[in-house]
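We name chains A, B, ... by the order of the sequence lines, and we start the count at 1 in each one.
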Number of protein chains: 2
Amino acid sequence: MNIILIGAGNLMYSLAPALQHAGVNIIQVYSRTEDHASELARKLNVPFTTDLNEIEINADIYFFSLKDSILLEVAKQIKPNNALWIHTSGSIPLSSFIETHNRAGVFYPLQTFTHGREVNFEDIPIFIEANKEEDLLLLKKLGCALSPNVIELNSEKRKWLHLAAVFACNFTNHCYAIAANILEQQNLNYQYLLPLINETTNKIHNLHPKEAQTGPAIRYDTNVINKHLAMLSDPNLKELYTLLSKNINKYSTNE
Amino acid sequence: MNIILIGAGNLMYSLAPALQHAGVNIIQVYSRTEDHASELARKLNVPFTTDLNEIEINADIYFFSLKDSILLEVAKQIKPNNALWIHTSGSIPLSSFIETHNRAGVFYPLQTFTHGREVNFEDIPIFIEANKEEDLLLLKKLGCALSPNVIELNSEKRKWLHLAAVFACNFTNHCYAIAANILEQQNLNYQYLLPLINETTNKIHNLHPKEAQTGPAIRYDTNVINKHLAMLSDPNLKELYTLLSKNINKYSTNE
């Protein structure tokens, strides 16, 4: 089974070596950014190209991992072939990929990928979808080579998963960034927060996040809340604090 | 050194056994809620009371761990004595505690405490403050019995630490709760998110949160952002999503 990688961003930079390690034969890397293409190709010891017209036509799987905004546009420029085309996007439905190519699939590993960080795919749930039964089996086989947690999921459900991931990962990380910023402005090391952050994360392995909630907002301690609002001079942060506190209280009273 | 505990909430329920284990002699527990007082007293095998007038007068330290809203009011009802009075609040300054009693201190372990969860105090930074040098030494001794990470910090800095902790812990946990809610409405198990949440936390042990940011907001992928906003029917969540995305983008362009 020969695979060509279209895109060499953070996800592919983690995923491709794991695929190769699992015995998958990667034959070429494409990225329009030469640095990215060459770096990943060197890591995998395979050829690369930055020219869509030079993409080989004899692969079994074309594995797209591109920004949502350019995915379909790039796909349309690939020469027609009979291979399986798959993408890794949480929010692009299979149907819009099928418009371009009739053997289409999705391979969505639910994780945050950062250049230079190795992730263990065994821990990662991989969500797959395809329009043909035999392609679904192929994706299952590919997924199972990396993780014991391969789940068939349709495009509609996947987009909710992606939305939830934005809250659980991107917005969470931004809360860390705000906290770090607050401390650094006071010349305090943000690493003081790490044991607290670890426990906040560890807790929800055993407790539902609604039950794990602590702090002034869940107690609706307006004395503390008002003190904190008075400390925040940035109107965005003030609004964010108010909105999050209100929502914490709303969730607790909904039960 | 004899200690009396005033308050039997989540923090004290974790802290008191750790203090006892470190050799501190706890002689009495007070809580106005009999269930809380008796549960903690039983755990420590010491007497309890729910009557402020029955609090013993011969202790060396009176250790207050009460909601901010009632702390000062309760402190005023304790019979005057010459012991050290300490509280565990992030946002009550030492000065307002001193108004009630002249040997005052603060013992602030930066952690989220949940009933029934054991925490390892060795990992927790403890921030201390006192108005008398000998009391500061006493607090340092008490802190070092639990954690190698005991830091002297004034009330002004401590309130910023507390504010940062609200973002890093309380608001983060609420993002988890929103994500769980989104998945559960789609009959998807929120535990799918745990590997993602773990990695988001693990990452910032090596990377500053600003550098660890991923997702549609940091790329300012308005296509995905607008799709997500259209999916959120709750106006609070829509506003929260918009505000967080704007702020992520603001932080990234500020660099």
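Along residues 104-111 of chain B, the residues that come nearer than 4.5 angstrom to chain A, judged on non-hydrogen atoms, are B/L110, B/Q111 in order of number. Residue-level contacts of residues 172-183 of chain B with chain A, in order of numbering, are B/T172, B/N173, B/H174, B/C175, B/Y176, B/A177, B/I178, B/A179, B/A180, B/N181, B/I182, B/L183; threshold 4.5 Å between heavy atoms.
Of the atoms belonging to A/N202, heavy atoms from both backbone and side chain fall under 4.5 Å from chain B. Heavy atoms closer than 4.5 Å to chain B are found in the side chain of A/E184, but not in its backbone. Within the 4.5 angstrom heavy-atom criterion, atoms from both the backbone and the side chain of B/L161 approach chain A. When heavy atoms are compared at a cutoff of 4.5 Å, A/S245 approaches chain B by way of both its backbone and its side chain. Neither the backbone nor the side chain of A/I218 comes within contact range of chain B, judged by heavy atoms closer than 4.5 Å. For A/I248, the parts sitting under 4.5 Å from any heavy atom of chain B are the backbone and the side chain alike. Proximity to chain A is limited to the backbone of B/F113, based on heavy atoms less than 4.5 angstrom apart. The contact between A/D234 and chain B is made entirely by side chain atoms (from C-beta outward), counting heavy-atom distances below 4.5 Å.
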**Message:** If you apply the rule side-chain contact (heavy atoms from CB on, under 4.5 Å), what do you find for A/I197 with B/H205, and how did you get there?
**Reply:** CA-CA 10 Å; A/I197 286 172; B/H205 286 249; 5.7 Å; no
**Worked verdict on B/E199 versus A/I124 for side-chain contact (heavy atoms from CB on, under 4.5 Å)** = CA-CA 10 Å; B/E199 170 65 3; A/I124 302 177; over 6 Å; no
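Counting only distance, with no hydrogens or angles, the side chain of B/E239 and the backbone of A/L243 share no donor-acceptor pair below 3.5 Å. Checked by atom type and distance alone, the side chain of A/N223 never pairs as donor or acceptor with a backbone atom of B/S69 at under 3.5 Å. Between the side chain of B/Q186 and the main chain of A/W160, no donor-acceptor pair closer than 3.5 Å is present. Between the side chain of A/D123 and the backbone N or O of B/P195, no donor-acceptor pair lies under 3.5 Å.
The NE2 atom of A/H228 sits 9.5 Å away from atom CZ of B/F167, with the distance rounded to the nearest 0.5 Å. Taking NE2 of A/H115 as the start and CG of B/L207 as the end, the distance is 11.5 Å to the nearest 0.5 Å. One finds the CD1 atom of B/I204 at 5.5 Å from the CG atom of A/L194 (value rounded to the nearest 0.5 Å). To the nearest 0.5 Å, atom CG of residue A/N236 and atom NZ of residue B/K246 are 7.5 Å apart.
Surrounding CD of A/E122 are at most 12 heavy atoms belonging to other residues, nucleotides or ligands under 6.0 Å away. In A/K140, the NZ atom is not crowded: 12 or fewer heavy atoms of neighbouring residues, nucleotides or ligands sit closer than 6.0 Å. Other residues, nucleotides and ligands contribute over 12 non-hydrogen atoms within 6.0 Å of the CD atom of A/Q77.
Contact tally against chain A (heavy-atom pairs below 4.5 Å) for B/N10, B/I151, B/L153: the top residue is B/I151. Most heavy-atom pairs under 4.5 Å with chain A, from the set B/R117, B/H208, B/K159, B/K67: that is B/R117. Contact count versus chain B (heavy atoms, under 4.5 Å) is highest, among A/S89, A/S91, A/G116, A/G90, for A/S91. Between chain A and the options B/L237, B/T200, B/N170, heavy-atom pairs under 4.5 Å are most frequent for B/N170. Of the listed residues (A/N120, A/D68, A/L240), the one with the most heavy-atom contacts under 4.5 Å to chain B is A/L240. By number of non-hydrogen pairs under 4.5 angstrom with chain B, the leading residue of A/T214, A/V119, A/N187, A/L188 is A/T214.
Residue A/L193 comes nearest to B/A168 through the heavy atom pair CD1-CB, 4.1 Å, listed as atom of the first residue, atom of the second, then distance.
Ring centroid separation for the pair B/F171 and A/F171 does not come in under the 6.0 Å cut-off.
Within the structure, every pair that satisfies the salt bridge (Lys or Arg N to Asp or Glu O under 4.0 Å) test and touches residues 216-230 of chain B, not counting sequence neighbours, is listed here: B/R219-B/D221.
The side-chain hydrogen bond (donor to acceptor under 3.5 Å, both in side chains) search around A/K157 returns none, not counting sequence neighbours.
Side-chain contact between B/V166 and A/L244: absent, with no pair of heavy atoms (C-beta onward) separated by less than 4.5 Å.
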